[in-house]
Trainee: 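This is the structure I want to talk about, given as structure tokens.
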Amino acid sequence: MKNLTETQKKNAQIQPSELLQTREANADFEVRSLDAMCVNESRLKHKWHHDLKYVAVGTLLGIIFVKAELISWFRIQEMFRLQSFHMYGVIGSAVAVGAMSVWLIRKFKVKTIYGEPIEIRPKTFNKGQIIGGLLFGLGWAMTGACPGPLYAQIGAGATVIVATLLSAILGTWVYGYFRDRLPH
Amino acid sequence: MMEVLSSPWKWYVAGPLIGLIVPTLLVIGNKTFGISASMRHICAACAPAGVKFFKYDWKKEVWNLYFVGGIIIGAIVATLFLGNGKPIDVSPKLAEELAQYGIANFDGLVPRDLFSWENLLTLKGFLLMVVGGFLVGFGSRYAGGCTSGHAIMGLSSLQLPSLIATISFMVGGFLMANFLLPFILKL
């Protein structure tokens, strides 16, 4: 809970009036903001078919995942054994392009197609990023997949990965259940 | 044209395209790139069980489920229509190491000698698929994100917690691949 108040203080410094509004509008804002990854910044409500554009972007990502072999267990093993540059090149150039885009968005105050200002909520540090990060890394090298590739591996025909995905969802649930008792 | 599409894409093609997903999601709906949160929404939708962490309006985040649905569709499309049917080109050093454990089939992106329904209930298969999957889900939520949310989105917006998380992911992966995985593969 300590983290939460710090996050809110930080956020409040950025856009006090807007955030206050959000908090009143969303009864579940506190729960959602416990995990900054999960807060949906848009305040607009749309019909369901607007979400089809995310299917399109997801489809593109799924194609890249397969065609660049990013969902390959072998490529992940090469990465962690320093036997290939491929994965480092992909992640490095993705971050470079992503960072440049975010910089441009901030500099020119780019708005969304619906005219909303674009927001990127700051993340706050907690020990979970280290402990959870290490556990995630162990799992990543075992399965050869992080969450995105798990979905893509199933699509690529490795049906047994449904079991891995269900286990990952179970892991997510168990984390949620024990969250208050874990160091953060 | 088809040959360019069907042979494996180079890092300098794939990486920048993935990087462009960051501004695309921001511009089309103020969404930050992240995939592991989808598993939280699935928990919240299917089995909240009164856990506070899952008591939120998951329908507000439903875009993320459409997004991962797209990933599955994209993988199907790429596999069915854009493949070249050749085995994966594995680094000779890795191939040599894997040969010791009887892994010689490089036909699929996922090694069929390890990840199959027949192997699911063997000790080795259970560890790799079920325990590994559990660690991916538990760890990514504990860390507040996975490779997409922290390594790509977080680093792109220059967030220190994401750098710490990304370094932790890599340390965990190095430990597993180089020191622990050999024992599992020997089973």
Side-chain angles (χ1 to χ4, degrees), chain A residues 28 31-32 37-38 40-42 51 54-55 58-59 62-64 66-68 72 74 80 83 89-90 93-95 97-99 101-102 118 120 123 125 128-130 132-143 146-148 151-152 155-156 158 160 164 167-169 171-173 175-176, chain B residues 9 11 14-16 18-19 22-23 26 30 34-37 39 43 51 53 56 60 63 66-68 70-76 78-79 90-91 109-110 117 129-130 132-143 145-147 149 155-157 159 161 164-165 168-169 172-173 176-177:
Chain A
D28 52 3
V31 179
R32 285 144 52 85
M37 304 301 300
C38 198
N40 177 350
E41 278 84 0
S42 177
D51 283 323
Y54 303 110
V55 178
T59 303
I63 292 173
I64 303 168
V66 172
K67 286 315 301 173
S72 169
F74 300 106
F80 287 133
Q83 290 163 338
V90 169
S93 58
V95 171
V97 170
S101 318
V102 170
I118 288 175
I120 301 166
K123 300 183 209 299
F125 173 73
Q129 281 135 15
I130 297 174
L134 288 171
L135 294 173
F136 172 82
L138 297 175
W140 189 10
M142 286 167 90
T143 61
C146 38
Y151 291 104
V160 70
T164 308
S167 188
I169 293 170
T172 306
W173 193 90
Y175 166 73
Chain B
W9 297 1
W11 65 265
I18 292 175
V22 169
L26 286 170
N30 238 342
I35 296 172
S36 64
M39 301 193 293
C43 291
V51 176
F53 191 61
Y56 61 93
K60 281 183 189 153
W63 77 272
Y66 280 90
F67 185 56
V68 297
I71 293 177
I72 298 177
I73 296 171
I76 295 172
T79 307
V90 173
S91 127
L109 291 165
V110 176
W117 288 103
M129 288 179 260
V130 179
F134 186 91
L135 286 170
V136 167
F138 185 91
S140 62
R141 207 68 271 122
Y142 198 171
C146 61
T147 330
L155 292 185
S156 290
S157 51
Q159 314 228 21
I164 294 167
S168 306
F169 297 164
M176 175 54 72

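Order of the sequence lines sets the chain letters (A, B, ...), proteins ahead of strands, with each chain counted from 1.
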Trainee: How many angstroms lie between CD1 in A:Ile169 and CZ in B:Phe134, if you round to the nearest 0.5 Å?
Mentor: 12.5 Å
Trainee: Side chain from CB out, backbone as N, CA, C, O: work out which of these in A:Ala158 comes under 4.5 Å of a heavy atom of chain B, or both, or neither.
Mentor: side chain
Trainee: May I ask you to name which of B:Gly137, B:Cys43, B:Pro23 has the most heavy-atom pairs under 4.5 Å with chain A?
Mentor: B:Gly137
Trainee: Are A:Val90 and B:Trp9 close enough that some pair of their side-chain heavy atoms sits under 4.5 Å apart?
Mentor: no
Trainee: When you compare the side chain of B:Phe67 with that of A:Val55, does any pair of heavy atoms fall below 4.5 Å?
Mentor: no
Trainee: For A:Asp51 and B:Trp63, work out which heavy atoms get closest and say how close.
Mentor: OD1-CB, 3.6 Å
Trainee: Quick one: what part of A:Val160 sits under 4.5 Å from any heavy atom of chain B, side chain, backbone, both or neither?
Mentor: both
Trainee: Look at the aromatic rings of B:Phe169 and A:Trp140 and report parallel, tilted or perpendicular, splitting at 30° and 60°.
Mentor: perpendicular
Trainee: Looking at B:Gly15, B:Ala14, B:Pro16, which makes the most heavy-atom pairs under 4.5 Å with chain A?
Mentor: B:Gly15
Trainee: For the candidates B:Ser157, B:Ser156, B:Gly172, B:Ser140, which exhibits the highest count of non-hydrogen atom pairs separated by less than 4.5 Å from chain A?
Mentor: B:Ser156
Trainee: Just how far is it from atom CG of B:Leu26 to atom CD1 of A:Ile120, taken to the nearest 0.5 Å?
Mentor: 5.0 Å
Trainee: Roughly how far apart are A:Thr164 OG1 and B:Leu135 CG, rounded to 0.5 Å?
Mentor: 11.5 Å
Trainee: Name the option with the most non-hydrogen atom pairs under 4.5 Å to chain A; the candidates are B:Ile71, B:Ile35, B:Val22.
Mentor: B:Ile71
Trainee: Quick one: are A:Tyr151 and B:Met39 in side-chain contact, heavy atoms under 4.5 Å?
Mentor: yes
Trainee: Identify, with sequence neighbours excluded, every residue that meets ring pair (Phe, Tyr, Trp, His ring centres under 6.0 Å) alongside B:Tyr66.
Mentor: none
Trainee: Write down the atom of B:Gly19, the atom of A:Val97, and the distance for their closest heavy-atom approach.
Mentor: C-CG1, 3.9 Å
Trainee: Return the option, out of B:Leu155, B:Thr79, B:Ile164, B:Ile73, with the maximum number of heavy-atom pairs under 4.5 Å with chain A.
Mentor: B:Thr79
Trainee: Which heavy-atom pair separates A:Gly133 from B:Ala143 by the least distance, and what is that distance?
Mentor: N-CB, 3.6 Å
Trainee: Based on non-hydrogen pairs under 4.5 Å, which of B:Gly132, B:Gly173, B:Gly139 is most in contact with chain A?
Mentor: B:Gly173
Trainee: May I ask you to name which of A:Ala94, A:Gly139, A:Ala68 has the most heavy-atom pairs under 4.5 Å with chain B?
Mentor: A:Ala94
Trainee: Determine the minimum heavy-atom distance between B:Gln159 and A:Lys123, stating which atoms define it.
Mentor: OE1-N, 2.7 Å
Trainee: Identify the two heavy atoms, one from B:Ala177 and one from A:Ala141, that lie closest to each other, and give their separation to 0.1 Å.
Mentor: N-CB, 4.0 Å
Trainee: Distance from B:Ile76 atom CD1 to A:Ile63 atom CD1, nearest 0.5 Å?
Mentor: 11.0 Å
Trainee: Roughly how far, to the nearest 0.5 Å, is CZ of B:Arg141 from CG of A:Leu135?
Mentor: 14.0 Å
